[in-house]
Amino acid sequence: MDHVPENSPSPSPPRPWTAPRLGPDDSLLKDLTPPQREAVLHGEGPVLVLAAAGSGKTRVITRRIAHLLGQGVKPWQILALTFTNKAAGEMRERIGHLLEHSASGAGPVRGLTVTTFHALCARLLRKYAEAAGLKPDFTIYDSDDQSKLCKKVIEGLQLSTANFPPRSVLSAISRAKNELMDAESFAARATDFSSKNVARVYKAYAAALRNANAVDFDDLLLLTARTLERNAQVRGECQARWRYLLVDEYQDTNRAQFLIAQMIAGDGSAPKSGLPGAGDEDDAAGAAAPPKTARGKGPNICVVGDPDQAIYGWRGADISNILDFEEGYPGCRVITLGENFRSTAPILEAADTLIRHNKRRKHKDLFTSRKGGEKPEATLTSNEKAEARVVADWLKSRHEAGAAWRDMAIFYRTNSLSRVMEESLRAFNVPYTIARGTAFYDREEVRNALGYLRVVANPADGVSLSRIINTPARGISKTTQEALEALAQRDEMPMMEACRGAGQIADLNARAVVAVAKFVSQIDAWTGGGTFMGADISGSLADLVDRVIRESGLRAMYVAQASASKSETDAERVDNLDELVSSARQFEQEYDATADAANDPLAADGLVDTPPLLALLRAYLESIALVADADSVDPTQGSVTLMTLHAAKGLEFDSVAIIGMEEGLLPHSRAISMPVAGDAELEEERRLCFVGITRAMKRLLMTSAKYRTIRGIPERTIPSRFLGEIPDNAMVVSDQSESFAEDYDAPAGGWGNDASRNVGSRAAPRPSSGFGGSNANAGQAPPWGASSSSSPARGPSSEFPVGSKVRHPQFGVGIVESISGGASPRAVIRFKDIGSKTMVLEYARLVRVQP
DNA sequence: GTTGCCAAGTTTTTT
DNA sequence: ACTTGGCAAC
């Protein structure tokens, strides 16, 4: 399928400028296809680049930036926005490389802004804190902090957390924030009892955040968008500074991000002297003018994306931002990059046939001029362990064939699938790393340490304060804390202030008052009484972190735990705390190297007088708050990478295995169970699968397990409809499950002709034997199951009548004493040695012992 | 005030 | 199965 690249649709319009004959630009244009070149050279005015998977998108963006710089555009006039730190870092690096190699003497790329939406917003909000209604030293709350705060708020409103689970209330609030709806407008739309209460929570939650001097992730975007919208001066300053805006992965922008980009781009007129015409370039700093082109072509906004790779709809991303871009920017140039330089033809063909099943889509031809290549493989295994073995084995054989570990990856829909895979890789001695950037900072001990640091940086941070005020135990009990909270609430002051005034609380005993006072003076010692100066303050972040971990007693607490329990994990906790100190030290060093706050026109005004140590601490905490899983992917490591399909976006690997290609997992059950308009969610799942497939350069393996153990119970599965949508002759299909399942009525012949076809054709009601049906397999022993005389315990409670003999994998044989019904039936079972225990039948893995 | 045990929710994807 | 939060005993 080697098509000839079509000519660019526009009948060769006169180039906006004559092609530069500078040496550097020749190297920038080398190896580019005509459409790529067009995108790189596009002058002023809006441009939409529809970049198919593997079409050299990053290359186009980086070369375009390098080209702009080569044309005399000042680095600080360019703003490039991405979704992950990793993408931003990579882009920065590649631009640096390009400039190094071009002899243009472009110099360092100081002031060039290449960052994520969230990091940009954090920065803008610190600089324009006042306009945004914030204090510049705000803390960024992650979802855990959000939950805690939200829960407190719900309780404060006398609502039950059973009827209003913080998680789901938060997701409603998040959705509202993504739509730029504040608490008032949300309340205005609320009609029913439930949403009216959610509106109340929203309002109180927003107030609580401000009171804690904190923002959540959504606030970063929402408040920035609102500030830009309402404050002409802020908007003007941003527009004056950034004259060229580039947005990567534009298909994944939500409404807030769309507006932020739109407002920074402005309408294309120069902010202060908007005179159109040649030579009009003005800029506030009086620097040299960028290349001459007629003004009035509209804003210099360049967005790059691919509607077929839109996978964040669930997070409020609005695909119409990219689909309707042309309407929002009339006269914008549209450039389509369709040629794929990444994958072999057979892999590309599989991807293409799959994505063609999406109805709501702008079709783009995917093509490559490369010939040959192996067909993708699709393998059915008997269970997830066999699947993991097959994958490990496959990777090994690839390695033996000469591929480096770092060029291989395993993708899955949900994080929970990684565990079995890990075990297998360990057993096979395959080096691997899991892309889970946040894992380290999510550990209890690290969160506790960070809790202290956050209180040090922002004493108003109530969530962090309540986490650490009595960890380790220092005699500040729950009742004491409640008394402090009541005081804080009454006098509308932050918790930390209330702590200082503990002595005034009448019904607090002397011991508690002393304990609180001691705690307060401890914090003061670290902050130098808020000055972050003085003889006791070293000025080093790592030293501060180390001090806090030791002097708080945290480290001692975990050391004691470790020696008491002798458990591996407790010893690890101490190591992790030490690791945190190293991470701070590393940050400190890198920060010193890159900090250009002094040169940065955007340096936060509100923080000019911030002591350096405090500034460093805040930057450190912010960098932690904004890490993503995908950020930790480090290709220099010689190991196989494991990650979710979402995290895989934007990456490429020589060999890719996608595991868990099953109904309910790859089209995730959440996307199938509630069919929304036009199967939108199902189509997003298909795009997710498409993203996974198109990451593979040379080899692709997709696996499906007949049985998968979910939360401890083996479930029969159905191969993913997506496998059925790729013709069998386009893949190498193999069924490796037979050997394990002789005694099982396996549907022979894989997915080409059976269940998946029926299921896949339409989102019709699936047969009750489908994925997730807990009784689907009642009475049938899974091939690897327990002894032949038993069946897995997952049916109704009638399987275990009172008096029957059962076997528990851990406790041995016992007698059922009583059964309780309900949603999750439980049984009281008396075991021989242990005595009676209550267990949930569904999970207990009980096996009936025949009388 | 602290420690230990039980009950409940949990697992879709992320800045 | 596994973690987390609330309650009861020490």
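Sequence lines set the chain letters: A, B, ... in the order given, protein chains first and strands last, and positions in each chain run from 1. Only heavy atoms go into these numbers, but all of them, side chains included; no hydrogens, no water, no symmetry mates.
Look at T84(A) and you won't find any side-chain N or O under 4.0 angstrom from OP1 or OP2 of dT14(B). Here S477(A) does not reach the OP1 or OP2 of dT2(B): none of its side-chain N or O atoms lies under 4.0 Å away. A sub-4.0 Å separation between OP1 or OP2 of dT13(B) and a side-chain N or O of N415(A) is present. For N470(A), no side-chain nitrogen or oxygen approaches OP1 or OP2 of dG1(B) to under 4.0 Å. Residue K151(A) has a polar side-chain atom (N or O) positioned under 4.0 Å from OP1 or OP2 of dG6(C). Contact annotation: S143(A) does not reach the phosphate of dT14(B) (side-chain N/O to OP1 or OP2, under 4.0 Å).
At least one test fails for R686(A) against the ring of F722(A): distance under 6.0 Å to the centre or angle within 45° of the axis. Cation-pi contact between K152(A) and Y205(A): absent, since separation from the ring centre below 6.0 Å together with deviation from the ring axis within 45° is not met. At least one test fails for R474(A) against the ring of F519(A): distance under 6.0 Å to the centre or angle within 45° of the axis.
Residue T480(A) places its side chain closer to dG1(B) than to any other of dT11(B), dT13(B), dG1(B). Nearest nucleotide to the N509(A) side chain, out of dT11(B), dT13(B), dG1(B): dG1(B). The side chain of A512(A) approaches dG1(B) more closely than any other nucleotide in the set dT13(B), dG6(C), dG1(B). Residue R670(A) places its side chain closer to dT11(B) than to any other of dG5(C), dT11(B), dT13(B). Of all nucleotides listed (dT3(B), dG1(B), dT14(B)), dT3(B) comes nearest to the side chain of A473(A).
Here dT13(B) presents its C1' atom at 12 Å from CG of L417(A), a figure rounded to the nearest Å. Taking atom CG of residue L645(A) and atom P of nucleotide dT13(B), one finds them 11 Å apart after rounding to whole Å. With rounding to whole Å, L170(A) atom CG is found 18 Å from dT14(B) atom P. Atom CZ of R167(A) is separated from atom C1' of dT14(B) by 12 Å (rounded to the nearest Å). Straight-line distance from the CG atom of D218(A) to the P atom of dT14(B): 15 Å, rounded to whole Å. As a whole-Å value, the separation of M557(A) CE from dT2(B) C1' is 13 Å. Going from atom CD of E445(A) over to atom C1' of dT4(C) covers 16 Å, rounded to whole Å. Rounded to an integer number of Å, the gap from K148(A) NZ to dT3(C) C1' is 13 Å.
Annotation: H646(A) is in aromatic contact with Y312(A) [ring centroid separation under 6.0 Å].
Residues P714(A) and R708(A) are not in side-chain contact: their nearest non-hydrogen atoms beyond the backbone lie 4.5 Å or more apart.
Taking atom P on both dT13(B) and dT4(C), the two are 16 Å apart, rounded to the nearest angstrom.
A side-chain donor-acceptor contact under 3.5 Å links T694(A) to the backbone of F690(A). Without hydrogens or angle criteria, D461(A) side chain to R454(A) main chain gives no donor-acceptor distance under 3.5 Å. Within the 3.5 Å criterion, the main-chain N or O of R315(A) finds a donor-acceptor partner in the side chain of N178(A).
Mapping R419(A) and K478(A) onto DNA chain C by nearest heavy atom places R419(A) closer to the 5' end of the strand. Of the residues near DNA chain B, R511(A) and A647(A), the one whose nearest nucleotide (by heavy atom distance) lies more toward the 5' end is R511(A).
Among the atoms of the strands shown, only primed sugar atoms or phosphate atoms (P, OP1, OP2) are found under 4.0 Å from some heavy atom of Y312(A).
Taking the six-membered ring where the residue is Trp, F83(A) and F117(A) present tilted rings, their angle falling between 30° and 60°.
Aromatic stacking of F217(A) on dT14(B): not satisfied for centres closer than 5.5 Å together with planes under 30 degrees.
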Tabulate atom names and distances for all N/O pairs under 3.5 angstrom spanning the protein and nucleotides 8-10 of chain C.
none

